[in-house]
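Below is one structure, written out as structure tokens; the observations come after it.
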2 protein chains.
Amino acid sequence: MTRSKSLLINILRNEGLRYTSQRRAVWNELKSSADHRDAEDIYLCLRRKKIRVSRATVYRTIDVLVKNNLVRKMELGDGRALYEPRIGNEHHDHIICLETGKITEFYNEDLEQLQEKIVKQRGYELVRHVHQLFVRPLKK
Amino acid sequence: MTRSKSLLINILRNEGLRYTSQRRAVWNELKSSADHRDAEDIYLCLRRKKIRVSRATVYRTIDVLVKNNLVRKMELGDGRALYEPRIGNEHHDHIICLETGKITEFYNEDLEQLQEKIVKQRGYELVRHVHQLFVRPLKK
DNA sequence: TTTTTTAATGAGACTCATTCTCAATATAAG
DNA sequence: CTTATATTGAGAATGAGTCTCATTAAAAAA
């Protein structure tokens, strides 16, 4: 608690931003989420808890958290986004089974390096990536 | 032309849908696109050509085309989408420049094989994949 | 501590891609 | 040709997210 409080303070200080009750509340809410949450959900939860905060501030704060790697943004591809606290630095490439709908996360170092190489060759620096493998169970 | 006309007719017939001038026009427009186009762009081009069609119909038609694999939908992750005709089964991994918006397609054999390997290890067979690298130009 | 400076906030207007509504129209079947 | 019904167009509605700007609250200065 103290640890992650000072974590937020440090990040804000670093960015020349102020440590406000709203930013603290949004980060606490997100931090204690097991699941992927959307911004509206976080806003509603905070309001239900009688915390005075606006939608605009929730969005603004999430942006800061994402930019500073406290939170991961997961684009749904239809204009919506979900957020989850970053714990460690696990990877989020997905295997999506077309038959069962099961989503498996995977990480492969070779793949990561290949991606870096591919963009570097073309004069770019990799910012983020989306990698989804749509699959079917192997039949014997 | 005749070939792809009957292609569209067959798909529509298959789905129990009617063959209308609007659906034909949207497909022709998309079919003759080299580039990735968005729905608004297709709508405006058709209107400029004096073809009587509405935005709603463009969106509705594109949905049909995507569902039937005549067109590939590419989600930009911020609520927008681009479309391109499916011609054969070329590869569509994308490098998307966050600064200029430029989209480069790439193909890398090692990457393809890695993907196959990754899913096979987990008991799956790869059906299709989405791979987008969001990048920034390298600064010297 | 009190005052001053300036960043942050809230309410709600706004944006923009997309979807919906429903009366009018066009297609395909009979 | 007539009928039944799918499709269309215009524009309203939606919904996630952003913006504005007067007010409030951190932090710095006194």
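Below, all heavy atoms of this structure are taken into account, side chains as well, without hydrogens, waters or symmetry copies.
- Looking only at side-chain heavy atoms (C-beta outward), A/H129 and A/D93 come within less than 4.5 Å of each other.
- Using a 4.5 Å heavy-atom cutoff, the side chains of B/L98 and A/R128 are in contact.
- Note: CD1 (B/I51) to P (C/dA26) measures 16 Å, nearest angstrom.
- Between A/E105 and A/H94 the shortest side-chain heavy-atom distance falls below 4.5 Å.
- Computed from coordinates, the B/R80 CZ to D/dG15 C1' distance equals 17 Å when rounded to whole Å.
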Please write out the pairs of protein N or O atoms and N or O atoms of nucleotides 4-8 of chain D separated by less than 3.5 Å, giving the distance to one decimal.
unit_1: D/dT5; atom_1: O2; unit_2: B/R18; atom_2: NH1; d: 3.2
unit_1: D/dT5; atom_1: O2; unit_2: B/R18; atom_2: NH2; d: 3.2
unit_1: D/dA6; atom_1: O4'; unit_2: B/R18; atom_2: NE; d: 3.4
unit_1: D/dA6; atom_1: O4'; unit_2: B/R18; atom_2: NH1; d: 3.4
unit_1: D/dA6; atom_1: O4'; unit_2: B/R18; atom_2: NH2; d: 3.3
unit_1: D/dT7; atom_1: OP1; unit_2: B/R18; atom_2: N; d: 2.9
unit_1: D/dT7; atom_1: OP1; unit_2: B/R23; atom_2: NH2; d: 2.1
unit_1: D/dT7; atom_1: O5'; unit_2: B/R23; atom_2: NH2; d: 3.3
unit_1: D/dT8; atom_1: OP1; unit_2: B/T20; atom_2: OG1; d: 2.6
unit_1: D/dT8; atom_1: O3'; unit_2: B/Q22; atom_2: NE2; d: 3.1

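- At least one side-chain heavy atom of B/I103 sits less than 4.5 Å from a side-chain heavy atom of B/L82.
- Put simply, the residue from A/R37, A/R47, A/R23, A/R48 that forms a salt bridge (charged side-chain N to carboxylate O under 4.0 Å, His left out) with A/E29 is A/R37.
- B/Y43 places its OH atom 14 Å from the P atom of C/dT18, with the value rounded to the nearest Å.
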Could you list the protein-to-nucleotides 28-30 of chain D atom pairs, N/O on both sides, closer than 3.5 Å?
none

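- Inter-axis angle, ends of the helix from C/dT1-D/dA30 to C/dG30-D/dC1, five pairs per end, rounded to 10 degrees: 30°.
- The side chain of B/Y59 contributes no N or O atom lying less than 4.0 Å from OP1 or OP2 of C/dT19.
- The backbone N or O of B/E75 sits less than 3.5 Å from a side-chain atom of B/Q132, completing a donor-acceptor pair.
- Rounded to whole Å, the distance from CG on B/D63 to P on C/dT18 is 10 Å.
- Looking at heavy atoms from C-beta onward, B/K102 lies in side-chain contact with A/Y124 at the 4.5 angstrom threshold.
- Among the atoms of the strands shown, none is found under 4.0 Å from any heavy atom of A/R13.
- Smallest separation of non-hydrogen atoms from A/R24 and A/L8: CA-CD2, 3.9 Å.
- Taking the side chain as every heavy atom from C-beta outward, B/F106 and B/L133 approach each other to under 4.5 Å.
- Residues B/Q115 and B/H131 have side chains in contact (heavy-atom distance under 4.5 Å, counting atoms from C-beta outward).
- With hydrogens and angles disregarded, a donor-acceptor distance shorter than 3.5 Å links the side chain of B/N108 to the backbone of B/D110.
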